[in-house]
A.B. asks: 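Can you keep this structure in mind? I'll have questions shortly.
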Amino acid sequence: MTTEQLSDWSKRQPASGAVHLVKGHGGLPLVRVETATSTAEIYLQGAHVSHFQIKGQEPMLFMSGKSRFEPNIPIRGGIPLILPWFGPREGLAAHGWARNKAWDLQTITPEQDGSISVSFVLESPGISGFGPFKSEYAVNVGTALSLELRVTNQATDQDLVFENCLHTYFVVKEAADLAVAGLKGTRYLDKVGGITERTETAEFITISSEVDRVYYDTAARVEIIDPGLKRIIRVEKLNSQSTVVWNPWIAKAKAMPDFGDEEYHGMVCVESGNVGPNRLTLAPGKTETLKVRLSFTGI
Ligand code: TA6
């Protein structure tokens with residue numbers, strides 16, 4: 001959908017809610033979605049969900065006050081869309097190129113339940129060792145935030161071996177007071193001070209230093225229990241075998257220019273995808289869809 005088509009669409013708003021294409025930080029175009037119960041913002045760059053809030057509540061997604069909003073520069077917060085690789089790669093953009101590229105707005109759909117779905121598309125030619133593939137991303141804004149990342153291998157003669165991850169930054173009152181539940185007994189790669197294989201023994205994972213863990217072979221629902229905001233954030237997922245838990249804590253926070261020195265107190269990343277040992281192999285012409293649903297429950 002072109003921006004002209006969208007501006008035409010925005011003149012025909014759904015009965016409940018509204019969708020507008022506006023200029024966000026740094027003049028980057030974003031789609032603002034308003035429903036009867038919630039609001040969301042999605043930058044066309046990276047199809048990056050930067051904001052989701054249930055009316056009357058604290059926002060769900062953390063956004064650094066020092067994030068850059070410039071073409072081809074990752075936005076620090078919200079839901080970075082990680083594709084086609086996770087982590088650093090010599091001479092290339094960390095976490096792949098999908099989050100830095102301008103996606104095309106594809107559809108806007110008011111749903112029967114009063115939510116609104118917006119979809120985006122990115123065509124990737126064969127570059128950086130990957131064959132051609134098409135990515136489609138659907139964001140449903142309602143009383144929860146539902147995300148679907150669909151990747152289709154457009155090559156005719158080669159598998160697509162890739163990683164996908166929704167690298168979600170959540171708002172918490174105080175990271176030192178939160179607990180992350182759902183990963184007890186799960187194997188993980190501890191990335192702090194090298195890479196060490198471990199098994200999670202805690203029913204409730206707590207944070208008192210840098211945490212950077214890739215939990216693998218897990219389809220489990222994860223909950224972030226936040227006593228400070230008196231809420232539980234629920235992360236449900238489908239077609240995802242990896243969950244990453246990250247808080248930079250003091251030293252790493254200071255080392256990131258696009259992240260405030262004290263901002264580690266107010267955030268935690270719980271990321272859903274298929275990374276490391278769970279990377280995916282997609283045969284020619286086949287499609288893989290990662291689904292994540294983010295919601296609140298009371299304490
Ligand atoms: O998901 C955790 C992680 O891989 C950390 O190691 C840290 O690098 C974080 O992602 C942020 O990566 P970025 O490239 O957005 O700075």
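None of the values given here were measured: they were computed from a predicted structure. Whatever order the structure lists them in is the order used to number ligands and atoms, beginning at 1.
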A.B. asks: Taking C-beta and beyond as the side chain, do Phe52 and Thr39 meet within less than 4.5 Å on heavy atoms?
C.D. replies: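 No; the side chains remain at least 4.5 Å from each other.
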A.B. asks: Per the salt bridge (charged side-chain N to carboxylate O under 4.0 Å, His left out) rule, what does the pair list look like for residues 165-182, sequence neighbours excluded?
C.D. replies: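 As it turns out, there is no salt bridge (charged side-chain N to carboxylate O under 4.0 Å, His left out) pair with a partner in residues 165-182 once direct neighbours are skipped.
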A.B. asks: Using a 4.0 Å cut-off on heavy atoms, what residues surround ligand 1? Order them by chain and number.
C.D. replies: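 Ligand 1 is contacted, at a heavy-atom distance under 4.0 Å, by Arg76, Phe86, Ala94, His95, Arg99, His167, Lys191, Asp212, Val244, Trp246, Glu271.
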A.B. asks: For a quick check under 3.5 Å, do Thr143 and Thr37 share a side-chain donor-acceptor pair by atom type?
C.D. replies: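 No, Thr37 and Thr143 have no side-chain donor paired with an acceptor closer than 3.5 Å.
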A.B. asks: Will you find, in the side chains of Ser242 and Asn274, an N or O donor that is under 3.5 Å from an N or O acceptor?
C.D. replies: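 The answer is no; no qualifying pair exists.
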A.B. asks: Compare all side-chain heavy atoms of Val275 with those of Val214 and state whether any distance is below 4.5 angstrom.
C.D. replies: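 Touching, per the 4.5 Å side-chain cut-off.
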A.B. asks: Would you say Glu200 and Tyr215 are linked by a side-chain donor-acceptor pair, where the criterion is simply a distance under 3.5 Å?
C.D. replies: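 Yes, Glu200 and Tyr215 have a side-chain donor paired with an acceptor closer than 3.5 Å.
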